[in-house]
Amino acid sequence: MNTVLTSTFILTLLLAVGLFFFIRASTKDRIEQMVLETNEPEAALLPRLEAYFTDRAYRIAAVDRDTEIVTFEGVVRPSVFLTALLTALAAIGALCLSLVLSMLLPDFGKLFLLLLLLAPLAGWFYWQGSARTEQVRLKVEVSEATPPLTSIKISGHRDELAVFQSTLQLSAHEDIE
């Protein structure tokens with residue numbers, strides 16, 4: 001066996017392992033916490049927050065009166081684009097692996113192309129795992145400073161928090177560890 005072919009096989013196998021973990025991570029929750037600030041008074045901010053989440057198909061799931069934390073819930077639908085991308089990446093990875101295997105074992109060359117049939121499993125895995133209920137928890141506090149500053153402590157999916165911050169034009173104060 002040729003050393004170039006062997007090293008190509010090993011590198012292709014490592015790339016296949018990386019692709020497997022990339023596909024597996026596509027359904028992982030990415031929950032973050034942050035503190036956002038605004039000069040807007042609390043009385044005007046609360047209806048805006050509720051309207052924002054209602055427009056994004058969230059509903060109020062719970063209100064904890066002791067801690068003043070409001071929990072919004074919404075169902076996140078899987079992305080058709082990401083499903084297609086993951087399926088295409090899996091097909092390309094399976095094709096590369098089958099080509100290298102067919103060079104290593106030429107007697108079984110065409111059989112390795114059957115690995116391409118596994119590619120749709122990547123899209124199916126993402127589609128099944130990413131449709132879930134998301135929660136966003138927030139607490140609004142007003143500081144004693146002059147002028148008063150309203151801070152929003154919020155916890156949720158990082159993409160949702162980024163959209164929330166840019167849509168409502170809030171400035172980030174700090175990340176909570």
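As a basis for the values below, the full set of heavy atoms in this structure was taken, side chains included, without hydrogen atoms, waters or symmetry mates.
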>> Below 30° counts as parallel, above 60° as perpendicular, anything between as tilted: where do the rings of Phe53 and Phe164 land?
In response: parallel
Indicate if [X] and [Y] have the same hydrophobic cluster label, given that clusters are the connected sets of ILVMFWY residues with side-chain heavy-atom separations under 4.5 angstrom.
X      : Y      : value
Leu116 : Phe108 : no
Leu15  : Phe22  : no
Leu104 : Leu114 : yes
Val142 : Leu46  : no
Met103 : Leu97  : yes

> Of all residues at least two apart in sequence or in a different chain, which pass the side chain to side chain contact (heavy atoms under 4.5 Å, CB included) check with Arg132?
Replying inline: Asp29, Ser130, Glu134, His157
Do [X] and [Y] come within less than 4.5 Å of each other through their side chains, counting heavy atoms only?
X      : Y      : answer
Glu141 : Thr150 : no
Thr38  : Leu45  : yes
Asp159 : Val163 : no
Leu95  : Leu115 : no
Arg137 : Val70  : no
Phe21  : Val17  : yes
Ile31  : Ser155 : yes
Leu168 : Leu49  : yes

What are the two closest non-hydrogen atoms of [X] and [Y], and how far apart are they?
X      : Y      : value
Gly156 : Leu161 : O-CD1, 3.7 Å
Gly93  : Leu19  : CA-CD2, 4.1 Å
Gly74  : Tyr58  : N-CD2, 3.4 Å
Leu86  : Tyr126 : CD1-CB, 3.6 Å
Ala122 : Ile23  : CB-CD1, 3.6 Å

>> Please list all pairs meeting salt bridge (Lys or Arg N to Asp or Glu O under 4.0 Å) that have one or both residues in residues 51-75, counting only residues at least two apart or in different chains.
In response: Arg56-Glu160, Arg59-Glu73
>> Pair Thr83, Trp124 - check side chain to side chain contact (heavy atoms under 4.5 Å, CB included), show working.
In response: CA-CA 8 Å; Thr83 303; Trp124 178 82; over 6 Å; no
>> Checking Met34 against Lys153 for the side chain to side chain contact (heavy atoms under 4.5 Å, CB included) test, could you report, in this order, the C-alpha distance in whole Å, the side-chain angles of both residues, the deciding distance, and whether it holds?
In response: CA-CA 6 Å; Met34 58 189 331; Lys153 293 180 181 177; over 6 Å; no
How many angstroms lie between atom [atom1] of [X] and atom [atom2] of [Y], to the nearest 0.5 angstrom?
X      : Y      : atom1 : atom2 : answer
Thr54  : Ile60  : OG1   : CD1   : 7.0 Å
Ser26  : Leu89  : OG    : CG    : 10.5 Å
Phe72  : Tyr52  : CZ    : OH    : 11.0 Å
Leu149 : Glu40  : CG    : CD    : 11.5 Å
Arg48  : Thr167 : CZ    : OG1   : 9.5 Å
Ile69  : Thr71  : CD1   : OG1   : 7.0 Å

> Considering residues at least two apart in sequence or located in another chain, which fulfil the ring-ring contact (aromatic ring centres under 6.0 Å, His included) criterion with Phe112?
Replying inline: none
> Checking Lys139 side chain against Ile154 main chain: does a donor-acceptor pair fall under 3.5 Å?
Replying inline: no
> Would Leu118 and Leu121 satisfy side chain to side chain contact (heavy atoms under 4.5 Å, CB included), going step by step from the backbone distance to the final call?
Replying inline: CA-CA 6 Å; Leu118 297 176; Leu121 288 177; 3.8 Å; yes
>> Val35 vs Ile152, test: side chain to side chain contact (heavy atoms under 4.5 Å, CB included). Steps then yes/no.
In response: CA-CA 6 Å; Val35 177; Ile152 304 166; over 6 Å; no
> Is the number of heavy atoms from other residues, nucleotides or ligands under 6.0 Å of Arg30 CZ greater than 12?
Replying inline: yes
